[in-house]
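All remarks here apply to the structure that follows.
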Amino acid sequence: LFGSGDREELAREVEDQMRDMEKASKEKWNYDFAKNEPLAPGNYEWQE
Amino acid sequence: YKARDRDSGQFVALKSVRVQTNQDGLPLSTVREVALLKRLEQFDHPNIVRLMDVCATLRTDQETKVTLVFEHVDQDLRTYLEKVPAPGLPIQQIRDLMQQLLCGLTFLHSNRVLHRDLKPENILVTSRGQVKLADFGLARIYSCHMVLTPVVVTLWYRSPEVLLQTTYATPVDIWSTGCIFAEMFRRKPLFCGESEVDQLGKIFAVIGLPSEEEWPNDVTLSRQNFSPQNPQPITDCVPEISEKGAELLLEMLTFDPLKRISALNALDHPFFTE
Amino acid sequence: DPNIYCDERVLQSLLTVEDRYVPQGPYFKRVQKDIQPFMRRMVATWMLEVCEEEKCEEDIFPLAMNYLDRFLAAVPTRKCFLQLLGAVCLFLASKLKACQSLSARKLCMYTDNSITSQQLLEWELVVLSKLKWNLAAITPLDFIEHILHKLPFPEDRQTLIRKHAQTFIALCATDHSFTMYPPSMIATGCVGAAVCGLQPNQSNQNLWGDNLMELLAKITHTEVDCLKSCQEQIEQLLTSSLKESQQQ
């Protein structure tokens, strides 16, 4: 409706937004949700 | 994975949902389960499982992953009942479990949430005997003009109105709770049908075939499909149940959903002060 | 279900929770530099047309507008992405509330394929995350039955009032000046406008004007003056949109 957006810009926008949120989750839980594995020792002691 | 919080000592557990991106994005059940738990979380109800966080990960070319971080609870009611030695749970313990279950259900219904899949596997019991309702993937926020999926609740805990595919609402959860109440005494399911019709047949064998007037109009299955049967004493199926317990159970297993006891009124039943 | 509509705790719980889902603040000129009110109105009208075309459940459109306003109040967005955002909000609202949710392909088609399914699916996660997955928002429609239940109108009149109130609620969702109002106030104002819009019949002459206001205000604990001004605003919006449609 208001001009055609630049697709690359849109894709970058999504990447940036998602990366920020993923980073925040990693730090909060010391867990890598993309790889499904615990990160170095942090506030949470993970066990399978 | 599960983890222990070094500060609080609390345990959390992960539930991952993987979605193929060529579909229509995230599954309805994931969107609904999270939305409902987020709606309820601010009340922090002791009998509803807590969702701690939702972590979405960047799409790879063919899948998305969403991980739900829940408070971890050691076991569900199914395993809890299996571990109980003969002759079964003391009635005081059953009373306590049922009170907590109904408390959680009263809270859901007062927030217009239908669980729609209550069964022992979805009722968690902590090591201290605290009950928490879980798995809201089939749950729905009730609004009076809504089209409802006809098939909900696992067959053995499914209410007659759902089996007959007529309209349903909060009473479906009370029916499931009645089946679970009986199972706490029997330590095995009450109605184990193999199909919708068979499930109805097993139900009517216990509560009797409803009268013509009670039979809902807008249903495909007619009353003539079932042989006339009188109600049998509920103590034949649940011999260990007390008198007041039998009263409450029959109110939960009432055929007409509008006559079935509500979660709020069930909490006031004399069974809990017997 | 009498366990829901006759239980005062349900209404109290709605009133407790509703504030949590109101956008964090007006966003034009503050958060949004590129998007103007007329653009929001155009996208809202397009979203309403999609819902009408698809015969969606009543609450899907107001819910989708709630998501759009909350997202715009939090994330600076280019105007060229506004329709994509509207499509994602419809996509999510229909997943929460519809028995058959709107498909990604169909929504892209309604944008004349100016967006792709992949963009829609990618933004689904972005919008969900930005809204912190709080999708079960309260909309004015959630209050209608509770309000009608407390008004002494016969069933046929209630049906008419409900229909008009639902239409007014959708109309308010297309206008950004209602964005910051609590849903209970919009619902009460719409019911008031619907009742006043219908000619008073003999049976409830007394339930008119100020005593109607008092009663409605009491049901949702709204200030009578606020309710009056909200209802007047709704009636003005109704008049202007009727004029607009006549001109068209």
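A, B, ... follow the sequence lines: proteins, then strands. Residue 1 opens every chain.
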Validation row: L14(B), W29(A) side chains within 4.5 angstrom (heavy atoms): no

Is any side-chain heavy atom of F11(B) less than 4.5 Å from a side-chain heavy atom of Q47(A)? yes

State the OH-NZ distance between Y44(A) and K2(B), to the nearest 0.5 angstrom. 15.0 Å

Closest non-hydrogen atoms of A56(B) and E22(A), given as atom of the first, atom of the second and distance, are O-CG, 4.2 Å

Close side-chain approach of M18(A) to T57(B), heavy-atom, < 4.5 Å: no

Looking only at heavy atoms and a cut-off of under 4.5 Å, which of D5(B), T67(B), V12(B) has the most pairs with chain A? D5(B)

So, the part of V69(B) with a heavy atom under 4.5 Å from chain A: the answer is side chain

Going from OG on S8(B) to CG on N43(A), what distance comes out if it is rounded to the nearest 0.5 angstrom? 8.0 Å

Checking heavy atoms, do the side chain of N36(A), its backbone, both or neither come under 4.5 Å from chain B? both

What part of K28(A) lies closer than 4.5 angstrom to a heavy atom of chain B: side chain, backbone, both or neither? side chain

